[in-house]
Amino acid sequence: MIKHCPTCNRTSDKTRFIGEFCEFCVTDRLRKHVPDIIKLSYCKRCGRIRIPGRHSEIDRMSLMSAIKMQLPKIKMESEVLSYDEKSANIEFMVAVPGGFAKFTKDIGLKMKHEICKDCLRKSSGYFEATVQLRGDAEVIQRVMRKLTTFLEERDAFVAKAEKVQGGWDIYTSDKRLTNVFFRLHELNPKKSYTLFTVREGKPVYRDTYAIRV
Ligand SMILES: [Zn+2]
Ligand SMILES: [Zn+2]
């Protein structure tokens, strides 16, 4: 029996039906639930966007997770087909009574400029530990380069590097990672701790690691 779509009167001999409605009406209705414009939190310093839990470089994956944060909470599969700085073409697959509806939508992207936590920390001179490197100038340079790369690959950073008498003082943003670096390179620093501040009733220490190379 030929079905007639209650909304647009298309017939099932010419159009695919999903349940009682034609596929055009089903996808039109779903498409309206997807916002036309999505605001992305964009850090103008590092060019990354906010996704759940962190910031990331812009690519299909990160764009999709940033967009998903703002989509209605209906169960759907979605994929970025293409994108540029102004819009993203997204394909959606939604389970509806009577089958699956598949449609695409161009979503406008609006960049909301902010400064991410990492960039903010960098610019505020935030640091957790000072590494005092003393000894052979060439070895010091090598350790500094390796430490910088090591930290940056793990979302940490060198806040400041200062040339001092007999070597360099390196200020790092992450105590734990700095110590992992020492272990990996079999460096055995002499450690000392200075009370820096008290946060939520707990003392916060800044560590100093003295290393002779
Ligand atoms: Zn219809
Ligand atoms: Zn940033």
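Every value quoted in this text rests on a predicted model; they were computed, and no experiment measured them. Indexing begins at 1, ligand by ligand and atom by atom, following the structure's order.
- For the 3.5 Å distance criterion, the side chains of Tyr209 and Asp207 qualify, holding a donor opposite an acceptor.
- Donor-acceptor pairing under 3.5 Å is lacking for the side chains of Tyr83 and Glu85.
- The closest side-chain donor-acceptor pair between Glu114 and His55 falls under 3.5 angstrom.
- The closest side-chain donor-acceptor pair between Lys105 and Asn89, if any, does not fall under 3.5 angstrom.
- Rounded to the nearest 10 degrees, the angle SG (Cys116) to the Zn ion (ligand 2) to SG (Cys119) equals 100°.
- Protein N/O/S atoms found under 2.8 Å from the Zn ion (ligand 1): Cys5 SG, Cys8 SG, Cys22 SG, Cys25 SG.
- The Zn ion (ligand 2) has an N, O or S atom of Cys43 closer than 2.8 Å.
- Checking Thr208 against Thr130 by side-chain atom types alone, no donor-acceptor pair falls below 3.5 Å.
- Scanning for ring-ring contact (aromatic ring centres under 6.0 Å, His included) contacts around Phe92 gives Phe103, with sequence neighbours left out.
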Worked verdict on Asn188 versus Phe182 for side chain to side chain contact (heavy atoms under 4.5 Å, CB included)
CA-CA 7 Å; Asn188 284 308; Phe182 294 152; over 6 Å; no

